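I have placed the structure first, in the form of structure tokens, so that the comments after it can refer back to it.
In this chain, numbering begins with 1 at the start of the sequence shown. Model, not experiment: these values are computed from the prediction.
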Amino acid sequence: MDKGITKDSSARTAIWLLPPLPPSDLDVLRYVLDSPGTGTSALARELGLHASNVSTTVRGLVAQGLIRREPDPRDRRAVQLYPTIDAAHGMARIEDAWAELFADALAALSPDHRVALADATPALRAIGAALRHRRDAYPG
């Protein structure tokens, strides 16, 4: 890393490898990166967003060259969404910068605090699962 760039500033710089995006756009982009080939209906359902909002967001991300649409071979009325190489590279750089910051912060914790975080992992996963279940049980 360049000696003139602190870890904090490198993370902020990495974020600008992608155009500035609102949080909902980043959520959609991250989902498409994690689930290439997803459709807009599945995307809306999984993120708990209205289909019209997802369509608008996808149009904007396509216009910025971050997502591409391809016809769904099983249903020509539908499309599948794929991240572009620019989106994948930009997001990877952002995640690398944040991972470095997070690792440094964890290293600064006492051993007892690191053990407490590790011990809390199952409970945090259970909370995530409960929230997903609740979202799926009560959509919209």
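Side-chain contact between Gln80 and Pro73 is present, with at least one heavy-atom pair separated by less than 4.5 Å. Side-chain contact between Arg59 and Gln64 is absent, with no heavy-atom pair separated by less than 4.5 Å. Arg77 places none of its side-chain heavy atoms less than 4.5 Å from the side chain of Asp72.
Atom CG in Leu61 sits 8.5 Å away from atom CG in Leu26 (nearest 0.5 Å). Atoms CE and CG, from Met91 and Asp34 in turn, are 8.5 Å apart once rounded to the nearest 0.5 Å. The structure places CG of Asp27 at 10.5 Å from CG of Leu21, a figure rounded to the nearest 0.5 Å.
Between Ile67 and Thr84, the shortest heavy-atom contact is N-CG2, 3.8 Å. Nearest heavy-atom pair, Thr38 versus Ala42, reported as atom, atom and distance to 0.1 Å: OG1-CB, 3.7 Å. For the residue pair Leu66 and Ala87, the shortest heavy atom distance occurs at O-CB, 3.3 Å. Residues Pro83 and Pro36 approach most closely at CD-CB, 4.0 Å, considering heavy atoms.
A salt bridge between Glu70 and Arg68 is present, with a side-chain N of the basic residue lying under 4.0 Å from a carboxylate O of the acidic one.
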For side-chain contact (heavy atoms from CB on, under 4.5 Å), just list the numbers for Val58 and Val79, CA-CA rounded to whole Å, side-chain angles, deciding distance to a tenth of an Å, and then say yes or no.
CA-CA 11 Å; Val58 166; Val79 296; over 6 Å; no
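With hydrogens and angles disregarded, no donor-acceptor distance shorter than 3.5 Å links the side chain of Ser35 to the backbone of Val32.
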